[in-house]
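The sequence lines fix the lettering, A, B, ..., with proteins before strands; numbering per chain opens at 1. These numbers come from a predicted model, not from an experiment.
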Protein chains: 2
Amino acid sequence: MQVNIYFCAVKQKNIEHRSTCPISTALDIFGDKWSLLIVRDLMFNQKKTYGEFLQSEERIATNILADRLLLLEMGGIISKEEHPDSKAKVLYKLTTKGIDLIPTMVEIILWSEKHHEVHPFASRFARMVKKDKDGILKQIKQGLKSK
Amino acid sequence: MQVNIYFCAVKQKNIEHRSTCPISTALDIFGDKWSLLIVRDLMFNQKKTYGEFLQSEERIATNILADRLLLLEMGGIISKEEHPDSKAKVLYKLTTKGIDLIPTMVEIILWSEKHHEVHPFASRFARMVKKDKDGILKQIKQGLKSK
DNA sequence: ATATTCACTTGCATATTGCAAGTTATTTCT
DNA sequence: AGAAATAACTTGCAATATGCAAGTGAATAT
């Protein structure tokens, strides 16, 4: 929690970059056990609110979720918007930078599906991607852009 | 540090899987700030020993390095071998599972290069990948397999 | 007007990280 | 052959991050 020059309280997390290596820079933003699960929920599971993220089966703690949402926002991966249904709700969206993580996320899924026992949905998805990767990537991107 | 049924001390880290989601499963193995930097050094920088990993510019602590090497080994991503030059050295290698992370790593590099200021080497690499992704992926794979 | 939902925040115990200083087994130097 | 250096860790401890349970305040539903 920091204060800006207008003395208006502003939440901020400065992301330190350990080096100019692109892998290191990426990990500075999403190198933890939770951030990419939020991205996953936004990207593949049509989740958009704090409450929906909380319900994911990995059971993220409320304070950690709040912290990671802030970090992802500071990292330029997600943004907050007014929820059309209610002022009490907050709608989270992937930014362009967040949407650009689609290929990375898909490769992680392919790798994990190859080497671990995963949910049948994941295996089916992997099969589809192997048939037509570019098509699926575009489809996911379109689904996110329209919203 | 655990003890196996033969009462022979064995180092072990059990990797817990929070769900059967492939992203979550992957993060259970490499979801931290350091693991993929070790993979990077093995994959792109021809580093193979504890001492070489220590010298990377992100300055990993010695105990964390030892811990992550163990975790990566338990996760099936790296393996230890005798160093041909000396008994005092240990040679770390990517397993097949580790080599299979090439596409994920390359996508992270492409994403990071697009959205951050990174080292000129990374920009040059990104340009090459954009010209012939499949070719570069194969080339990297070949370079790792032969060793 | 009251209860419930929603998005957080707070306090505190526990776990992980980071730093500096060992330790032990080689290997190199003299 | 003995001493110094190298390599790969380990240990102790302070600082930081995580996880859990309970609380808060605004907005909405009853």
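Look at CD on Glu82(B): it is 15 Å from C1' on dA8(D), rounded to the nearest Å. Counting to the nearest Å, the P atom of dA8(D) and the CG atom of Leu65(B) are 9 Å from each other. Taking atom CD1 of Ile64(B) as the reference point, atom P of dA20(C) lies 14 Å away to the nearest angstrom. Rounded to whole Å, atom C1' of dG19(D) lies 11 Å from atom CD1 of Ile60(A). Residue Lys87(B) contributes atom NZ, which lies 16 Å from atom P of dC9(D) at whole-angstrom precision. Atom-to-atom, CG of Asp28(B) to C1' of dT16(C) comes out at 16 Å; the value is rounded to the nearest Å. Between Asp32(B) atom CG and dA17(D) atom P there is a gap of 15 Å when expressed in whole angstrom units. Per the geometry, CD1 belonging to Ile38(A) stands 14 Å off C1' belonging to dC8(C), to the nearest Å.
Close to dT18(D), at under 4.0 Å from its OP1 or OP2, lies no side-chain N or O of Trp34(A).
Among the atoms of the strands shown, none is found under 4.0 Å from any heavy atom of Arg59(B).
Using a 3.5 Å distance cut-off with no hydrogens or angles, the side chains of Thr95(A) and Ser79(A) do not pair a donor with an acceptor. Side-chain contact check for Ser24(A) and Ser19(A): at least one donor-acceptor pair (N or O, by modelled atom type) lies under 3.5 Å. Checking Ser35(A) against Asp32(A) by side-chain atom types alone, a donor-acceptor pair falls below 3.5 Å.
The pair Lys114(A)-Asp100(B) meets the salt-bridge criterion, since a charged nitrogen lies less than 4.0 angstrom from a carboxylate oxygen.
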Between the protein and nucleotides 1-3 of chain D, list every N/O to N/O distance that falls short of 3.5 Å.
none

Between the protein and nucleotides 3-7 of chain C, which nitrogen or oxygen pairs come in under 3.5 angstrom?
residue	atom	partner	partner atom	Å
dA7(C)	OP1	Val90(A)	N	3.4
dA7(C)	OP2	Gly51(A)	N	2.8

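Note that CD1 of Ile109(B) is 8.5 Å distant from CE of Met43(B), once rounded to the nearest 0.5 Å.
Atom CD of Glu57(B) sits in a crowded spot, with more than 12 heavy atoms from other residues, nucleotides or ligands closer than 6.0 Å.
A distance-only check finds a donor-acceptor pair linking the side chain of Glu52(B) to the backbone of Thr49(B) [under 3.5 Å].
Here salt bridge (charged side-chain N to carboxylate O under 4.0 Å, His left out) pairs that include residues 78-92 of chain A, with residues two or more places apart or in two chains, are Glu81(A)-Lys93(A).
Distance from the side chain of Asn63(A) is smallest to dC20(D) among dC20(D), dG18(C), dT10(D). Considering only side-chain atoms of Thr62(B), the nucleotide from dT9(C), dA21(C), dT17(C) that sits closest is dA21(C).
Residues Lys33(B) and Gly31(A) share a closest heavy-atom pair of NZ-O, 3.1 Å.
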